Peer 1: 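I am attaching a structure below and will ask some questions about it afterwards.
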Amino acid sequence: MSRKSLPELQLYVQNHVEYREDAVLAALTELERRGEQPTEAAAIRAALTPIVEQQRAAQAELAASRPAVPGQATPAADAPALYSPGTIVLFSMLPISTMVGGGVLLGINLFRLRRMKALLGLILFIVGYLVAASQVLTWAVLTQGLHPLIGSLLFNVPAVLVYLFWFWPRYVRTDTYRSKSMIPPIIICFLLVWGLQRAMPYLIKQQPKEVQMEMEQLMKR
């Protein structure tokens, strides 16, 4: 915390429900060291100190109960079952799921951890990103000749970076979890793709002639 600026430390206090309890206490300590005393500091410290002490006691008990196996770390049985960052990246980059698939898995993690405000923020980000980035992608493919596959990959990359470097460290905030299987999401994705493929001819026929021609040209690329 000593390297953080004063506004960053104050942000920990103002939005303390969104940060790890021990991080908030560390921010309070650093603020006091710098001669700052937030008005709500005493109440926050009184509320969070028992939680941090309980977490440390549980971690110490867990560490003592584990066998000392070099290079091997086994999650506790009560650790949350989450989709790993690797699984989120995979489903964000696959053509059958795109960044929406990775966002859904990340959203399931946030729901599992009861990070409801973060989940709402994730939903708003996905909707806004789809609206803005899809327009850019359509322009690049139809007018600049960008290959759809390359465009799809470029479309997904910024969203993946936001998932990994904003939402995960800020809101998931845990390195101890049980990794969930990726088989159910894969099955769901294939079923959705199969359904879209069956419905695509019908959907194309419902569009105006100009749109039909553009979509057919796009599919032939």
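Every value quoted in this text rests on a predicted model; they were computed, and no experiment measured them.
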Peer 1: I would like to know whether W168 and I88 meet side-chain contact (heavy atoms from CB on, under 4.5 Å); could you show each step before the answer?
Peer 2: CA-CA 10 Å; W168 185 278; I88 292 172; 3.9 Å; yes
Peer 1: Which heavy atom of A23 sits nearest a heavy atom of Y12, and at what distance?
Peer 2: CB-CE2, 3.8 Å
Peer 1: Let me have the donor-acceptor pairs involving side chains of residues 109-116, under 3.5 Å, with sequence neighbours excluded, atom names and distances please.
Peer 2:
residue : atom : partner : partner atom : Å
N109    : OD1  : Y83     : N            : 2.8
N109    : ND2  : Y83     : O            : 2.8
R114    : NH1  : F111    : O            : 2.9
R115    : NE   : Y171    : O            : 3.2

Peer 1: Looking only at atom types and distance, does a side-chain atom of S134 sit under 3.5 Å from a main-chain N or O of V131, one as donor and one as acceptor?
Peer 2: yes
Peer 1: With clusters defined by side-chain heavy atoms of hydrophobic residues (ILVMFWY) lying less than 4.5 Å apart, directly or transitively, does F91 cluster with M93?
Peer 2: no
Peer 1: Following the transitive rule for hydrophobic clusters with a side-chain heavy-atom cut-off under 4.5 Å over Ile, Leu, Val, Met, Phe, Trp and Tyr, establish whether L94 and V160 coincide in one cluster.
Peer 2: no
Peer 1: Locate the shortest heavy-atom distance separating P85 from L164; write the atom from each residue and the value.
Peer 2: CB-CD2, 3.8 Å
Peer 1: Under the rule for side-chain hydrogen bond (donor to acceptor under 3.5 Å, both in side chains), what residues qualify as partners of W139, not counting sequence neighbours?
Peer 2: T143
Peer 1: Start with the C-alpha distance between R45 and E40, add both sets of side-chain angles, then the distance that settles salt bridge (Lys or Arg N to Asp or Glu O under 4.0 Å), and finish with yes or no.
Peer 2: CA-CA 9 Å; R45 191 179 292 277; E40 65 272 42; over 6 Å; no
Peer 1: Only one of L28, V13, L9, L31 forms a side chain to side chain contact (heavy atoms under 4.5 Å, CB included) with E36, so which one is it?
Peer 2: L31
Peer 1: For L124, I'd like to know if atom CG has over 12 heavy atoms of other residues, nucleotides or ligands within 6.0 Å.
Peer 2: yes
Peer 1: Report the distance from atom CG of N15 to atom CD of Q10, rounding to the nearest 0.5 Å.
Peer 2: 11.5 Å
Peer 1: Report yes if some heavy atom in the side chain of I126 is under 4.5 Å from a heavy atom in the side chain of Y163; otherwise report no.
Peer 2: yes
Peer 1: Output the distance between atom CG (L82) and atom NZ (K180), rounded to the nearest 0.5 Å.
Peer 2: 8.0 Å
Peer 1: Enter the distance from E21:CD to I44:CD1 here, rounded to the nearest 0.5 Å.
Peer 2: 12.0 Å
Peer 1: Keeping the roles fixed (side chain from E8, backbone from S5), state whether a donor-acceptor pair exists under 3.5 Å.
Peer 2: yes
Peer 1: When rounded to the nearest 0.5 angstrom, what is the spacing between OG in S92 and CG in L106?
Peer 2: 8.5 Å
Peer 1: For a quick test of reading the model, state the closest non-hydrogen atom pair linking A118 to F167 and the distance between them.
Peer 2: O-CE2, 3.9 Å
Peer 1: Just by distance, do the side chain of N156 and the backbone of T98 share a donor-acceptor pair under 3.5 Å?
Peer 2: no
Peer 1: Report whether V136 and V162 are members of the same hydrophobic cluster (ILVMFWY, side-chain heavy atoms less than 4.5 Å apart, transitive linking).
Peer 2: no
Peer 1: Can you get from W166 to I123 by hopping between Ile, Leu, Val, Met, Phe, Trp and Tyr side chains that sit under 4.5 Å apart?
Peer 2: yes
Peer 1: How long is the straight-line distance from CG of D22 back to CD of E53, given to the nearest 0.5 Å?
Peer 2: 12.0 Å
Peer 1: If you measure from CD on E30 to CG on L6, what distance do you get to the nearest 0.5 Å?
Peer 2: 9.5 Å
Peer 1: If the condition is ring-ring contact (aromatic ring centres under 6.0 Å, His included), which residues does Y129 pass it with, not counting sequence neighbours?
Peer 2: F125, F155
Peer 1: In terms of hydrophobic clusters joined by side-chain contacts under 4.5 Å, are L130 and V157 together?
Peer 2: no
